[in-house]
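These notes concern the structure reproduced below.
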Amino acid sequence: DAPAAAAPAVETAPAAPQVRDLTPAEYRQAVDAAQRLQAEGKLYDARKTLLAVLPRAQAKQAAELETTLAKLADQIYFTQRPGPDKTEYVIQPGDSISAIASRFVCPKELIQKANNISDPRRIRPGQRLVFLDHPKFEITVSKSANTLVLTLNGEFFKRYVVSTGLHAKTPVGTFKVRDKIEKPDWWTDSGKVVPYGDPENILGTHWLALEATGETPRVSGYGIHGTWDEASLGKQASAGCVRMRNAEVEELFTLVPRGTPVRIVE
């Protein structure tokens with residue numbers, strides 16, 4: 001008999017590299033390095049140092065790193081500190097904050113906060129502004145953890161405790177921020193309009209309307225909003241929307257432009 005033909009070689013994908021947990025020594029080294037950089041005023045470098053070890057951090061380490069990263073984010077992005085993801089702009093005659101915000105796809109609220117502008121009508125030609133240029137924020141909401149994680153350029157920015165829908169009513173899938181409303185009125189299921197300021201209005205101080213994208217079934221009436229009932233946070237307690245502390249939804253409102261991608265997962 002003729003010898004059997006050799007079986008063709010089968011290519012196999014290389015095994016994924018094993019990710020090792022961050023050791024206590026490595027954690028301490030990263031934290032100490034970040035603290036030195038902060039003391040030198042190198043906040044971007046401090047943030048980069050902590051972001052590099054965050055994916056390997058264990059739960060307690062991660063919570064501490066995220067707290068420090070959130071504080072660094074405030075010091076970097078809510079101030080005029082220059083940075084590689086920011087632009088420096090000198091106000092021209094006829095400019096308005098709204099027009100500048102539209103040009104750079106950066107919320108006007110963020111431009112005002114970063115540059116300590118209390119009244120946008122009182123800007124002047126020649127005034128220097130520093131703010132995020134076309135910020136790439138993304139939002140991920142976890143229904144099981146009742147958390148909202150905000151990333152910037154694919155990297156951790158902040159984590160917030162939220163409330164999602166009772167009996168898992170919050171829809172999962174991909175969405176985008178369609179609209180942003182300050183002091184929102186609330187439409188009940190019966191069609192009644194409850195104005196902002198009415199004790200029956202449950203929407204808190206700010207509303208970010210969501211619109212389904214991609215293959216996610218089209219739904220309406222869902223959004224991210226504030227709440228007067230902070231005891232409900234961290235639980236599945238809403239009618240389907242994502243609830244946040246009023247101060248925190250105001251911060252989110254300030255940071256994210258319309259069109260920001262939102263992902264809701266189980």
Side-chain angles (χ1 to χ4, degrees), residues 16 19 51 54-59 62-63 65-66 69-70 73 105 107 135-182 184-191 201-266:
V19 178
L51 286 171
L54 181 61
R56 294 171 48 213
Q58 300 175 59
L65 290 174
E66 288 184 359
L69 284 164
V105 196
K136 298 295 186 292
F137 283 109
E138 293 189 17
I139 294 168
T140 300
V141 175
S142 167
K143 293 169 58 175
S144 58
N146 282 297
T147 58
L148 183 154
V149 174
L150 180 65
T151 60
L152 175 62
N153 300 322
E155 296 178 316
F156 176 84
F157 192 86
K158 287 198 178 186
R159 181 186 300 272
Y160 305 93
V161 176
V162 301
S163 175
T164 53
L166 185 66
H167 305 309
K169 286 183 181 178
T170 303
V172 298
T174 59
F175 306 82
K176 67 179 179 180
V177 175
R178 177 178 56 80
D179 199 7
K180 298 165 56 178
I181 301 173
E182 187 176 0
D185 295 334
W186 175 48
W187 274 260
T188 67
D189 291 340
S190 64
N201 185 318
I202 65 171
L203 296 186
T205 60
H206 293 73
W207 164 263
L208 288 80
L210 299 182
E211 178 181 319
T213 60
E215 298 181 0
T216 300
R218 296 304 181 255
V219 293
S220 61
Y222 290 96
I224 302 169
H225 65 81
T227 183
W228 308 108
D229 180 17
E230 293 194 1
S232 69
L233 297 172
K235 308 172 186 175
Q236 292 190 343
S238 76
C241 290
V242 178
R243 295 179 183 174
M244 303 179 68
R245 289 183 176 86
N246 282 322
E248 293 178 345
V249 76
E250 179 180 356
E251 181 172 270
L252 190 67
F253 185 100
T254 296
L255 286 164
V256 302
R258 289 175 176 83
T260 294
V262 178
R263 187 165 61 102
I264 302 177
V265 299
E266 291 291 352

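Keep in mind that this is a model prediction, so the values were computed, not measured. We're numbering straight along the sequence, starting at 1. Below, all heavy atoms of this structure are taken into account, side chains as well, without hydrogens, waters or symmetry copies.
- Rounding to the nearest 0.5 Å gives a distance of 12.0 Å between NZ of K235 and OG1 of T164.
- Contact check on E251 versus K158 returns a salt bridge, with a Lys/Arg side-chain nitrogen under 4.0 Å from an Asp/Glu carboxylate oxygen.
- In this structure, CD1 on I202 lies 12.0 Å from CH2 on W228, to the nearest 0.5 angstrom.
- With a 4.5 Å cut-off on side-chain heavy atoms, H206 and I181 do not count as touching.
- At a threshold of 4.5 Å between non-hydrogen side-chain atoms, the residues N146 and L233 do not count as touching.
- Within the 3.5 Å criterion, the main-chain N or O of E250 finds a donor-acceptor partner in the side chain of T254.
- Two residues are said to be in side-chain contact when any heavy atoms from C-beta on lie closer than 4.5 Å; L150 and E138 fail this criterion.
- Atom CG of N153 has more than 12 neighbouring heavy atoms from other residues, nucleotides or ligands inside a 6.0 Å radius.
- Atom CD of E248 sits about 8.0 Å away from atom CD of E230, to the nearest 0.5 Å.
- Within the model, atoms NZ of K169 and SG of C241 stand 11.0 Å from one another, a figure rounded to the nearest 0.5 Å.
- Checking side-chain atoms of T174 against main-chain N and O of T213 turns up a donor-acceptor pair under 3.5 Å.
- Taking CZ of R243 as the start and OG of S232 as the end, the distance is 4.0 Å to the nearest 0.5 Å.
- The two residues L203 and D185 have their closest heavy-atom pair at CD1-O, 3.3 Å.
- Among V249, T227, L148, the single residue meeting the side chain to side chain contact (heavy atoms under 4.5 Å, CB included) criterion with V162 is L148.
- Side-chain atoms of D179 and E211, non-hydrogen and from C-beta on, never get closer than 4.5 Å to each other.
- Q236 is not listed as a side-chain neighbour of H167, based on a closest heavy-atom distance of 4.5 Å or more.
- Residues G240 and P171 come closest through the heavy atom pair O-CD, 4.2 Å.
- With respect to I139, the side chain to side chain contact (heavy atoms under 4.5 Å, CB included) criterion is satisfied by exactly one of L210, V149, L252: L252.
- Two residues are said to be in side-chain contact when any heavy atoms from C-beta on lie closer than 4.5 Å; L152 and P135 meet this criterion.
- Taking the six-membered ring for Trp and thresholds of 30 and 60 degrees, H225 and W207 have nearly parallel ring planes, at less than 30 degrees apart.
- At least one side-chain heavy atom of R159 sits under 4.5 Å from a side-chain heavy atom of F156.
- Across every non-hydrogen atom of S163 and S238, the tightest pair is OG-N, 3.8 Å.
- A 4.5 Å side-chain heavy-atom check between F253 and E182 finds at least one atom pair inside the cut-off.
- Applying the 6.0 Å contact sphere to CZ of R263 captures no more than 12 heavy atoms from other residues, nucleotides or ligands.
- No donor-acceptor pair closer than 3.5 Å links the side chain of T216 to the backbone N or O of G173.
- Considering OG1 of T170 and CD of E266, their distance stands at 9.5 Å, rounded to 0.5 Å.
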